[in-house]
Amino acid sequence: MSPREIAIVSYASLLAVPGEPQRDEVELLLPVVTEAVARSGIPKRELGFTVSGSCDYLGGRPFSFVMALDAIGAWPPIAESHVEMDGAFALYEAWVRLQCGDVDSALVYAFGRSTQGDLGRVLAQQLDPYTLSPLWPDDTALAALQARALLDRGRVSERDFAAVAARTRGGDADELVQRPYTVAPLRAHDRGTVADGAAAVVLAAGDLARKVCKRPAWIRGIDHRIEQHQLGQRDLTRSVSTALAGERAGVGKGPVDVAELYAPYTHQELILREALGLGEGVEVNPSGGALAAHPLMVAGLSRFGEAAERIIDGSANRAVAHATSGPCLQQNLVAVLEAAP
Amino acid sequence: MAATDALTAPYVLEYTYRRSVGPVLGRFLTGLRAGRIEGSRSAAGKVQVPPSEHDPDTGAPTTEFVEVGLAGVVTTWSWATAPRPGQPLAQPFAWALIKLDGADSALLHAVDAGAPEKMKTGMRVKVRWQAERTGAITDIACFEPEAP
(Lines give C-alpha, C1' and ligand atoms only; values in the text may rest on other atoms or scores of the structure.)
Protein backbone atom coordinates (compact mmCIF):
# COMPACT_ATOMS: atom_id res chain seq x y z
CA MET A 1 0.00 0.00 0.00
CA SER A 2 1.48 3.35 -0.93
CA PRO A 3 1.39 5.97 1.82
CA ARG A 4 -1.28 8.65 1.90
CA GLU A 5 -0.29 11.93 0.21
CA ILE A 6 0.79 14.42 2.86
CA ALA A 7 2.20 17.91 2.23
CA ILE A 8 3.68 20.80 4.16
CA VAL A 9 1.36 23.74 3.40
CA SER A 10 2.78 26.45 5.66
CA TYR A 11 5.75 27.33 7.85
CA ALA A 12 6.70 30.10 10.25
CA SER A 13 9.67 30.56 12.53
CA LEU A 14 11.38 32.93 14.91
CA LEU A 15 15.14 32.58 15.33
CA ALA A 16 16.77 34.78 17.94
CA VAL A 17 20.53 35.16 17.65
CA PRO A 18 22.29 35.42 20.05
CA GLY A 19 19.25 34.77 22.24
CA GLU A 20 15.91 36.01 23.47
CA PRO A 21 16.16 36.59 27.21
CA GLN A 22 13.06 38.77 27.42
CA ARG A 23 10.38 36.40 26.14
CA ASP A 24 9.55 33.00 27.60
CA GLU A 25 8.68 29.90 25.60
CA VAL A 26 4.99 30.74 25.26
CA GLU A 27 5.78 34.27 24.12
CA LEU A 28 8.19 32.93 21.50
CA LEU A 29 5.69 30.37 20.26
CA LEU A 30 2.47 32.36 20.12
CA PRO A 31 3.29 34.59 17.10
CA VAL A 32 4.93 31.67 15.26
CA VAL A 33 2.04 29.25 15.69
CA THR A 34 -0.48 31.99 14.90
CA GLU A 35 1.35 32.87 11.67
CA ALA A 36 1.76 29.25 10.49
CA VAL A 37 -1.90 28.47 11.12
CA ALA A 38 -3.06 31.70 9.41
CA ARG A 39 -0.87 30.99 6.36
CA SER A 40 -2.19 27.43 6.12
CA GLY A 41 -5.72 28.73 5.49
CA ILE A 42 -7.06 25.97 7.74
CA PRO A 43 -9.11 27.24 10.69
CA LYS A 44 -7.27 26.39 13.90
CA ARG A 45 -10.22 24.49 15.38
CA GLU A 46 -10.30 22.22 12.33
CA LEU A 47 -6.69 21.02 12.72
CA GLY A 48 -6.93 17.28 13.38
CA PHE A 49 -3.74 16.72 15.37
CA THR A 50 -1.16 18.75 17.25
CA VAL A 51 2.35 17.55 18.12
CA SER A 52 5.44 19.31 19.47
CA GLY A 53 9.13 18.74 20.01
CA SER A 54 11.06 20.24 22.91
CA CYS A 55 13.45 19.32 25.70
CA ASP A 56 12.96 19.57 29.45
CA TYR A 57 16.71 19.90 29.94
CA LEU A 58 16.65 23.28 28.18
CA GLY A 59 13.81 24.58 30.31
CA GLY A 60 15.35 23.05 33.42
CA ARG A 61 12.01 21.63 34.56
CA PRO A 62 9.96 18.53 33.89
CA PHE A 63 7.00 18.51 31.47
CA SER A 64 7.92 21.95 30.13
CA PHE A 65 5.95 21.20 26.94
CA VAL A 66 2.69 21.28 28.92
CA MET A 67 3.23 24.94 29.75
CA ALA A 68 3.83 25.71 26.07
CA LEU A 69 0.25 24.62 25.30
CA ASP A 70 -0.78 28.09 26.45
CA ALA A 71 0.44 29.23 23.02
CA ILE A 72 -1.79 26.71 21.26
CA GLY A 73 -5.00 26.82 23.21
CA ALA A 74 -6.14 23.40 24.34
CA TRP A 75 -9.80 24.23 24.89
CA PRO A 76 -12.08 22.89 23.47
CA PRO A 77 -9.97 19.72 23.87
CA ILE A 78 -7.44 18.92 21.12
CA ALA A 79 -5.69 15.69 20.19
CA GLU A 80 -2.13 16.42 21.22
CA SER A 81 1.22 14.65 21.49
CA HIS A 82 4.84 15.48 22.24
CA VAL A 83 8.30 14.10 21.51
CA GLU A 84 11.33 14.86 23.66
CA MET A 85 13.21 15.47 20.41
CA ASP A 86 13.65 18.06 17.72
CA GLY A 87 10.38 19.18 16.12
CA ALA A 88 11.34 17.39 12.89
CA PHE A 89 10.73 14.11 14.69
CA ALA A 90 7.37 15.47 15.84
CA LEU A 91 6.64 16.13 12.16
CA TYR A 92 7.40 12.47 11.46
CA GLU A 93 4.89 11.47 14.16
CA ALA A 94 2.30 13.76 12.55
CA TRP A 95 2.99 12.17 9.15
CA VAL A 96 2.43 8.71 10.67
CA ARG A 97 -0.70 9.94 12.46
CA LEU A 98 -2.12 11.31 9.20
CA GLN A 99 -1.56 7.92 7.56
CA CYS A 100 -4.40 6.62 9.76
CA GLY A 101 -6.77 8.52 7.49
CA ASP A 102 -9.26 9.80 10.04
CA VAL A 103 -7.76 13.31 10.26
CA ASP A 104 -6.57 15.47 7.36
CA SER A 105 -4.34 18.10 8.96
CA ALA A 106 -1.78 18.54 11.72
CA LEU A 107 0.04 21.36 13.47
CA VAL A 108 3.69 20.64 14.33
CA TYR A 109 5.71 23.03 16.47
CA ALA A 110 9.00 23.20 18.28
CA PHE A 111 10.65 25.55 20.71
CA GLY A 112 13.98 25.81 22.45
CA ARG A 113 15.81 28.44 24.44
CA SER A 114 19.29 27.01 24.11
CA THR A 115 20.99 30.14 25.46
CA GLN A 116 19.51 29.81 28.96
CA GLY A 117 22.15 27.34 30.14
CA ASP A 118 25.52 25.92 29.15
CA LEU A 119 24.62 23.84 26.10
CA GLY A 120 27.87 21.85 26.35
CA ARG A 121 26.87 20.64 29.81
CA VAL A 122 23.23 20.09 28.86
CA LEU A 123 24.21 17.91 25.90
CA ALA A 124 26.65 15.86 28.03
CA GLN A 125 23.54 14.61 29.82
CA GLN A 126 22.01 13.09 26.70
CA LEU A 127 24.86 10.56 26.72
CA ASP A 128 25.10 7.09 28.26
CA PRO A 129 24.77 7.82 32.01
CA TYR A 130 27.34 5.22 33.11
CA THR A 131 30.22 5.31 30.64
CA LEU A 132 30.01 8.80 29.07
CA SER A 133 28.09 11.44 31.06
CA PRO A 134 30.30 11.11 34.20
CA LEU A 135 33.22 12.37 32.07
CA TRP A 136 31.19 15.48 31.04
CA PRO A 137 32.29 15.50 27.41
CA ASP A 138 30.76 18.57 25.78
CA ASP A 139 29.28 18.40 22.28
CA THR A 140 32.29 20.19 20.74
CA ALA A 141 34.73 17.66 22.27
CA LEU A 142 32.84 14.78 20.67
CA ALA A 143 32.28 16.54 17.34
CA ALA A 144 36.03 17.26 17.26
CA LEU A 145 36.75 13.51 17.54
CA GLN A 146 34.61 13.04 14.44
CA ALA A 147 36.29 15.95 12.65
CA ARG A 148 39.75 14.48 13.38
CA ALA A 149 38.69 11.07 12.07
CA LEU A 150 37.47 12.77 8.89
CA LEU A 151 40.75 14.70 8.50
CA ASP A 152 42.72 11.48 9.09
CA ARG A 153 40.82 9.89 6.22
CA GLY A 154 42.59 12.47 4.08
CA ARG A 155 39.94 13.76 1.67
CA VAL A 156 39.11 17.03 3.43
CA SER A 157 41.03 19.72 5.29
CA GLU A 158 40.37 22.28 8.03
CA ARG A 159 40.15 24.82 5.18
CA ASP A 160 37.16 22.84 3.83
CA PHE A 161 35.48 23.15 7.24
CA ALA A 162 36.12 26.92 7.15
CA ALA A 163 34.68 27.13 3.64
CA VAL A 164 31.38 25.67 4.89
CA ALA A 165 31.36 28.28 7.67
CA ALA A 166 32.15 31.13 5.27
CA ARG A 167 29.35 30.09 2.91
CA THR A 168 26.65 29.69 5.56
CA ARG A 169 27.54 32.37 8.10
CA GLY A 170 29.88 34.77 6.31
CA GLY A 171 33.58 35.51 6.59
CA ASP A 172 36.62 34.54 4.59
CA ALA A 173 37.69 30.90 4.76
CA ASP A 174 41.41 31.67 4.46
CA GLU A 175 41.15 34.04 7.41
CA LEU A 176 38.85 31.81 9.48
CA VAL A 177 41.20 28.85 9.27
CA GLN A 178 43.95 30.94 10.92
CA ARG A 179 41.88 31.47 14.07
CA PRO A 180 42.59 29.59 17.33
CA TYR A 181 41.07 26.21 18.10
CA THR A 182 38.27 25.79 20.62
CA VAL A 183 38.57 22.01 20.80
CA ALA A 184 41.13 21.09 18.15
CA PRO A 185 40.68 20.47 15.26
CA LEU A 186 37.54 22.64 15.54
CA ARG A 187 37.32 26.43 15.81
CA ALA A 188 34.51 28.68 16.99
CA HIS A 189 33.10 29.06 13.46
CA ASP A 190 32.80 25.26 13.10
CA ARG A 191 30.05 25.10 15.73
CA GLY A 192 26.55 26.46 15.05
CA THR A 193 25.64 29.71 16.81
CA VAL A 194 23.65 28.77 19.89
CA ALA A 195 20.28 30.52 19.62
CA ASP A 196 16.72 30.59 20.90
CA GLY A 197 13.76 30.01 18.67
CA ALA A 198 10.45 28.50 17.73
CA ALA A 199 9.06 27.04 14.51
CA ALA A 200 5.72 25.72 13.32
CA VAL A 201 4.59 23.74 10.29
CA VAL A 202 1.11 22.77 9.12
CA LEU A 203 0.65 19.44 7.31
CA ALA A 204 -2.38 18.61 5.19
CA ALA A 205 -3.43 15.51 3.31
CA GLY A 206 -4.53 15.06 -0.31
CA ASP A 207 -7.44 17.25 -1.42
CA LEU A 208 -7.26 19.50 1.63
CA ALA A 209 -3.62 20.35 0.81
CA ARG A 210 -4.55 21.10 -2.82
CA LYS A 211 -7.46 23.27 -1.66
CA VAL A 212 -5.51 25.45 0.78
CA CYS A 213 -2.15 25.70 -1.00
CA LYS A 214 -1.23 26.51 -4.62
CA ARG A 215 2.03 24.54 -4.50
CA PRO A 216 2.04 22.18 -1.51
CA ALA A 217 5.42 20.60 -0.64
CA TRP A 218 4.49 16.94 -0.96
CA ILE A 219 6.40 14.56 1.30
CA ARG A 220 7.36 11.87 -1.20
CA GLY A 221 9.45 9.83 1.19
CA ILE A 222 10.48 10.05 4.83
CA ASP A 223 12.68 7.74 6.89
CA HIS A 224 14.44 7.76 10.28
CA ARG A 225 17.49 5.60 11.14
CA ILE A 226 19.61 5.29 14.28
CA GLU A 227 23.20 4.17 14.87
CA GLN A 228 25.04 2.89 17.94
CA HIS A 229 25.17 5.33 20.82
CA GLN A 230 28.81 4.53 21.69
CA LEU A 231 31.00 6.57 19.34
CA GLY A 232 33.71 3.89 19.47
CA GLN A 233 31.34 1.39 17.84
CA ARG A 234 30.79 3.56 14.75
CA ASP A 235 32.74 4.73 11.72
CA LEU A 236 32.49 8.43 12.53
CA THR A 237 33.66 9.50 9.07
CA ARG A 238 30.47 8.21 7.46
CA SER A 239 26.80 8.56 8.30
CA VAL A 240 25.42 5.16 7.43
CA SER A 241 22.06 5.99 9.02
CA THR A 242 21.70 9.09 6.82
CA ALA A 243 22.65 7.09 3.73
CA LEU A 244 20.06 4.41 4.55
CA ALA A 245 17.33 6.92 5.44
CA GLY A 246 18.10 8.87 2.25
CA GLU A 247 17.91 5.75 0.14
CA ARG A 248 14.58 4.74 1.66
CA ALA A 249 13.19 8.26 1.33
CA GLY A 250 14.12 8.16 -2.37
CA VAL A 251 16.67 10.99 -2.50
CA GLY A 252 18.45 9.44 -5.50
CA LYS A 253 15.29 8.96 -7.58
CA GLY A 254 15.55 12.40 -9.15
CA PRO A 255 17.54 15.63 -9.28
CA VAL A 256 17.71 17.63 -6.05
CA ASP A 257 17.39 21.43 -6.37
CA VAL A 258 17.97 22.35 -2.75
CA ALA A 259 18.86 20.53 0.47
CA GLU A 260 18.40 21.80 4.00
CA LEU A 261 20.70 19.73 6.22
CA TYR A 262 20.79 19.92 10.00
CA ALA A 263 24.56 20.00 10.51
CA PRO A 264 25.43 21.50 13.90
CA TYR A 265 29.11 21.45 12.85
CA THR A 266 30.78 22.39 9.56
CA HIS A 267 32.42 18.98 9.01
CA GLN A 268 29.06 17.27 9.51
CA GLU A 269 27.69 19.04 6.44
CA LEU A 270 30.47 17.37 4.42
CA ILE A 271 29.60 13.95 5.90
CA LEU A 272 25.88 14.45 5.22
CA ARG A 273 26.44 15.60 1.63
CA GLU A 274 28.42 12.44 0.96
CA ALA A 275 25.87 10.18 2.68
CA LEU A 276 23.02 11.64 0.62
CA GLY A 277 25.01 11.69 -2.62
CA LEU A 278 24.45 15.44 -3.11
CA GLY A 279 26.66 16.74 -5.92
CA GLU A 280 28.11 20.19 -6.54
CA GLY A 281 24.93 21.33 -8.34
CA VAL A 282 22.77 21.04 -5.23
CA GLU A 283 22.18 24.24 -3.28
CA VAL A 284 22.85 23.31 0.37
CA ASN A 285 21.49 25.31 3.31
CA PRO A 286 20.67 28.61 1.58
CA SER A 287 18.99 29.52 4.89
CA GLY A 288 22.36 29.38 6.65
CA GLY A 289 21.31 26.17 8.37
CA ALA A 290 22.12 25.32 11.97
CA LEU A 291 25.52 27.02 11.64
CA ALA A 292 23.91 30.46 11.28
CA ALA A 293 21.41 29.81 14.07
CA HIS A 294 21.20 26.71 16.24
CA PRO A 295 18.18 26.67 18.53
CA LEU A 296 18.19 23.11 19.85
CA MET A 297 14.90 21.21 19.19
CA VAL A 298 13.94 23.79 16.52
CA ALA A 299 16.79 23.56 13.99
CA GLY A 300 15.57 20.28 12.48
CA LEU A 301 11.96 21.38 12.02
CA SER A 302 13.31 24.61 10.50
CA ARG A 303 15.19 22.55 7.89
CA PHE A 304 11.88 20.93 6.89
CA GLY A 305 10.13 24.30 6.88
CA GLU A 306 12.85 26.07 4.88
CA ALA A 307 12.98 23.29 2.28
CA ALA A 308 9.18 23.32 1.99
CA GLU A 309 9.14 27.11 1.54
CA ARG A 310 11.30 26.70 -1.55
CA ILE A 311 8.71 24.36 -3.08
CA ILE A 312 5.77 26.51 -1.99
CA ASP A 313 7.29 29.76 -3.38
CA GLY A 314 8.10 28.05 -6.69
CA SER A 315 11.90 28.42 -6.53
CA ALA A 316 12.50 24.64 -6.30
CA ASN A 317 10.74 21.55 -7.58
CA ARG A 318 12.48 18.90 -5.51
CA ALA A 319 14.09 19.38 -2.09
CA VAL A 320 15.72 17.27 0.61
CA ALA A 321 15.06 17.99 4.28
CA HIS A 322 17.21 16.43 6.99
CA ALA A 323 17.28 16.45 10.80
CA THR A 324 19.70 14.89 13.26
CA SER A 325 19.78 14.04 16.95
CA GLY A 326 22.33 12.63 19.37
CA PRO A 327 26.12 12.89 19.44
CA CYS A 328 28.01 13.04 16.13
CA LEU A 329 24.95 12.50 13.88
CA GLN A 330 23.74 9.41 15.76
CA GLN A 331 20.15 9.63 14.49
CA ASN A 332 19.02 10.95 11.15
CA LEU A 333 15.67 11.72 9.56
CA VAL A 334 15.51 12.37 5.81
CA ALA A 335 12.57 13.47 3.66
CA VAL A 336 12.09 14.25 -0.01
CA LEU A 337 9.74 17.13 -0.78
CA GLU A 338 8.33 17.63 -4.28
CA ALA A 339 6.10 20.09 -6.09
CA ALA A 340 4.84 17.50 -8.54
CA PRO A 341 1.42 16.18 -7.46
CA MET B 1 2.99 41.28 54.00
CA ALA B 2 6.66 41.60 54.91
CA ALA B 3 9.10 39.25 53.18
CA THR B 4 9.87 37.60 56.51
CA ASP B 5 6.25 36.47 56.78
CA ALA B 6 6.48 34.38 53.58
CA LEU B 7 6.14 30.65 54.05
CA THR B 8 9.31 28.83 52.97
CA ALA B 9 10.20 25.17 52.69
CA PRO B 10 13.32 23.31 51.59
CA TYR B 11 13.22 21.98 48.04
CA VAL B 12 15.67 19.30 46.94
CA LEU B 13 15.50 18.04 43.37
CA GLU B 14 16.42 14.36 43.52
CA TYR B 15 15.48 10.85 42.56
CA THR B 16 14.84 9.12 45.84
CA TYR B 17 15.51 5.60 44.62
CA ARG B 18 18.48 3.41 43.82
CA ARG B 19 19.00 1.91 40.44
CA SER B 20 20.75 -1.32 39.54
CA VAL B 21 23.14 -1.09 36.61
CA GLY B 22 22.35 -4.68 35.64
CA PRO B 23 24.51 -7.72 34.91
CA VAL B 24 26.48 -6.30 31.96
CA LEU B 25 27.41 -2.74 32.98
CA GLY B 26 27.51 -3.95 36.57
CA ARG B 27 30.22 -6.43 35.67
CA PHE B 28 32.14 -3.76 33.72
CA LEU B 29 32.00 -1.26 36.59
CA THR B 30 32.84 -3.89 39.23
CA GLY B 31 35.83 -4.84 37.09
CA LEU B 32 37.01 -1.23 37.01
CA ARG B 33 36.90 -1.14 40.80
CA ALA B 34 39.15 -4.20 40.84
CA GLY B 35 41.52 -2.69 38.26
CA ARG B 36 40.29 -4.83 35.37
CA ILE B 37 38.60 -3.91 32.07
CA GLU B 38 36.04 -6.31 30.64
CA GLY B 39 34.21 -6.20 27.33
CA SER B 40 31.42 -8.24 25.77
CA ARG B 41 31.79 -10.65 22.86
CA SER B 42 29.18 -10.52 20.10
CA ALA B 43 27.91 -13.49 18.08
CA ALA B 44 30.27 -12.44 15.29
CA GLY B 45 33.18 -12.60 17.75
CA LYS B 46 33.67 -8.84 18.08
CA VAL B 47 34.70 -7.55 21.49
CA GLN B 48 32.92 -4.35 22.60
CA VAL B 49 34.42 -2.13 25.31
CA PRO B 50 32.45 -0.79 27.16
CA PRO B 51 30.32 -3.94 26.90
CA SER B 52 27.00 -3.77 25.08
CA GLU B 53 23.97 -5.30 26.75
CA HIS B 54 22.93 -6.58 23.35
CA ASP B 55 24.80 -7.68 20.26
CA PRO B 56 24.83 -4.57 18.03
CA ASP B 57 24.20 -6.71 14.94
CA THR B 58 21.68 -9.32 16.08
CA GLY B 59 20.19 -7.89 19.29
CA ALA B 60 21.00 -11.09 21.19
CA PRO B 61 21.63 -10.59 24.93
CA THR B 62 25.28 -10.49 25.99
CA THR B 63 26.40 -13.67 27.72
CA GLU B 64 30.15 -13.76 27.23
CA PHE B 65 32.68 -11.40 28.78
CA VAL B 66 36.30 -10.93 27.80
CA GLU B 67 39.07 -9.24 29.78
CA VAL B 68 41.01 -6.81 27.59
CA GLY B 69 44.34 -5.03 28.00
CA LEU B 70 45.01 -1.96 30.12
CA ALA B 71 46.65 -0.24 27.16
CA GLY B 72 45.66 0.37 23.57
CA VAL B 73 45.67 2.58 20.50
CA VAL B 74 44.15 6.05 19.96
CA THR B 75 41.78 5.86 16.97
CA THR B 76 40.90 9.58 17.00
CA TRP B 77 41.41 12.50 19.39
CA SER B 78 40.58 16.11 20.07
CA TRP B 79 42.34 18.72 22.22
CA ALA B 80 40.46 20.46 25.02
CA THR B 81 42.27 23.78 25.41
CA ALA B 82 39.95 24.94 28.19
CA PRO B 83 38.70 21.98 30.27
CA ARG B 84 35.24 22.38 31.76
CA PRO B 85 34.03 21.57 35.28
CA GLY B 86 33.67 17.85 35.91
CA GLN B 87 35.88 16.74 33.02
CA PRO B 88 38.62 14.22 33.86
CA LEU B 89 41.54 16.69 33.99
CA ALA B 90 41.79 20.32 35.06
CA GLN B 91 44.71 21.10 32.72
CA PRO B 92 44.40 21.00 28.90
CA PHE B 93 44.11 17.39 27.73
CA ALA B 94 43.08 15.19 24.82
CA TRP B 95 39.74 13.49 24.44
CA ALA B 96 40.33 10.20 22.67
CA LEU B 97 38.65 7.07 21.43
CA ILE B 98 40.93 4.25 22.61
CA LYS B 99 40.87 0.72 21.22
CA LEU B 100 42.22 -1.39 24.07
CA ASP B 101 44.36 -4.45 23.27
CA GLY B 102 41.99 -7.29 22.47
CA ALA B 103 38.98 -5.03 21.81
CA ASP B 104 37.26 -4.30 18.49
CA SER B 105 35.52 -1.06 19.56
CA ALA B 106 36.96 2.04 21.17
CA LEU B 107 36.32 3.62 24.58
CA LEU B 108 35.99 7.37 25.19
CA HIS B 109 38.31 8.85 27.80
CA ALA B 110 40.89 11.56 28.44
CA VAL B 111 44.62 11.39 27.70
CA ASP B 112 46.99 13.41 29.87
CA ALA B 113 49.52 14.22 27.17
CA GLY B 114 50.66 17.70 28.25
CA ALA B 115 50.53 19.23 24.77
CA PRO B 116 48.66 18.58 21.52
CA GLU B 117 52.01 17.96 19.79
CA LYS B 118 52.34 14.79 21.88
CA MET B 119 49.10 13.38 20.44
CA LYS B 120 48.79 11.34 17.29
CA THR B 121 46.20 8.99 15.85
CA GLY B 122 47.60 5.48 16.23
CA MET B 123 49.72 6.23 19.33
CA ARG B 124 49.68 3.86 22.27
CA VAL B 125 48.28 4.89 25.64
CA LYS B 126 47.84 3.12 29.00
CA VAL B 127 45.39 3.41 31.89
CA ARG B 128 46.11 5.61 34.90
CA TRP B 129 43.88 4.40 37.75
CA GLN B 130 42.40 6.45 40.53
CA ALA B 131 43.93 5.69 43.92
CA GLU B 132 40.47 4.98 45.38
CA ARG B 133 37.97 3.26 43.12
CA THR B 134 34.21 3.05 43.52
CA GLY B 135 32.96 1.14 40.47
CA ALA B 136 32.53 3.99 38.00
CA ILE B 137 34.00 5.01 34.65
CA THR B 138 35.89 7.70 36.57
CA ASP B 139 37.87 4.90 38.32
CA ILE B 140 40.02 5.38 35.24
CA ALA B 141 41.57 8.77 36.11
CA CYS B 142 42.69 9.12 32.49
CA PHE B 143 45.05 7.50 30.03
CA GLU B 144 48.67 8.51 29.48
CA PRO B 145 51.10 8.01 26.60
CA GLU B 146 52.83 4.62 26.86
CA ALA B 147 56.12 6.09 25.65
CA PRO B 148 57.03 9.16 27.72
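First the proteins, then the strands, lettered A, B, ... as listed; each starts at 1.
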Subject >> Listed once per pair and sorted, the salt bridge (Lys or Arg N to Asp or Glu O under 4.0 Å) pairs that draw on residues 105-117 of chain B, sequence neighbours left out >> reply: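 Salt bridge (Lys or Arg N to Asp or Glu O under 4.0 Å) check on residues 105-117 of chain B returns B:Asp112-B:Arg128.
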Subject >> Aromatic B:Trp77 / basic A:Arg148 pairing, under 6.0 angstrom, 45° off normal >> reply: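 Yes - A:Arg148 lies over the ring of B:Trp77, closer than 6.0 Å to its centre and within 45° of its axis.
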Could you measure the distance from the [atom1] atom of [X] to the [atom2] atom of [Y]? Nearest 0.5 Å is fine.
X	Y	atom1	atom2	answer
B:Thr76	A:Arg153	OG1	CZ	12.5 Å
A:Asp152	B:Lys120	CG	NZ	10.0 Å
B:Ser52	A:Gln230	OG	CD	7.0 Å
B:Thr75	A:Leu236	OG1	CG	7.5 Å

Structural part of [X] lying under 4.5 Å from a heavy atom of chain B:
X	result
A:Gln233	both
A:Asp138	both
A:Leu186	neither
A:Leu151	neither

Subject >> Proximal component of B:Pro116, with respect to chain A [non-hydrogen, under 4.5 Å] >> reply: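 Contact with chain A involves no heavy atom of B:Pro116 at all.
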Original post:
So which part of B:Ala96 gets closer than 4.5 Å to some heavy atom of chain A, the side chain, the backbone, both or neither?
Top reply: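 Just the backbone, heavy atoms under 4.5 Å.
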Original post:
Can any side-chain N or O of B:Ser78 pair as donor or acceptor with the backbone N or O of A:Ala141 at less than 3.5 Å?
Top reply: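 Yes; at least one donor-acceptor contact below 3.5 Å.
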Subject >> Residues that B:Ala113 engages under side-chain contact (heavy atoms from CB on, under 4.5 Å), provided they are two or more places apart >> reply: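 So B:Ala113 forms a side-chain contact (heavy atoms from CB on, under 4.5 Å) with B:Trp79, B:Val111, B:Lys118, B:Met119, B:Pro145.
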**OP:** Start with the C-alpha gap between B:Leu108 and A:Leu142, add the side-chain angles, then the distance that decides, and say whether side-chain contact (heavy atoms from CB on, under 4.5 Å) holds.
**Re:** CA-CA 9 Å; B:Leu108 176 79; A:Leu142 300 183; 3.9 Å; yes
**OP:** Considering only heavy atoms, give the residues of residues 154-183 of chain A separated from chain B by less than 4.5 Å, sorted numerically, with 'none' for an empty result.
**Re:**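 Only A:Tyr181, A:Thr182, A:Val183 of residues 154-183 of chain A have a heavy atom under 4.5 Å from chain B.
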Original post:
Heavy atoms under 4.5 Å from chain B: which residues of residues 116-124 of chain A carry them?
Top reply: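 Listed by number, the contacting residues are A:Asp118, A:Gly120, A:Arg121.
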Original post:
Do you know which two heavy atoms are closest between A:Tyr130 and B:Val21, and how far apart they sit?
Top reply: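 Taking A:Tyr130 first and B:Val21 second, the nearest heavy atoms are CE2-CG1, 3.5 Å.
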Subject >> Min side-chain heavy-atom separation B:Pro85-A:Trp136 under 4.5 Å >> reply: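 When only atoms from C-beta onward are counted, A:Trp136 and B:Pro85 do not touch, as no gap falls below 4.5 Å.
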**OP:** Check the pair A:Thr131, B:Leu25 against side-chain contact (heavy atoms from CB on, under 4.5 Å), reporting the backbone distance first and the verdict last.
**Re:** CA-CA 9 Å; A:Thr131 62; B:Leu25 273 165; 3.8 Å; yes
Original post:
For the candidates A:Ala184, A:Ala147, A:Ala144, which exhibits the highest count of non-hydrogen atom pairs separated by less than 4.5 Å from chain B?
Top reply: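 Of the candidates given, the most pairs with chain B belong to A:Ala184.
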**OP:** Might you confirm whether atom OH of A:Tyr57 has over 12 heavy atoms from other residues, nucleotides or ligands at distances under 6.0 Å?
**Re:**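 No, because the 6.0 Å sphere around OH of A:Tyr57 holds 12 heavy atoms or fewer from other groups.
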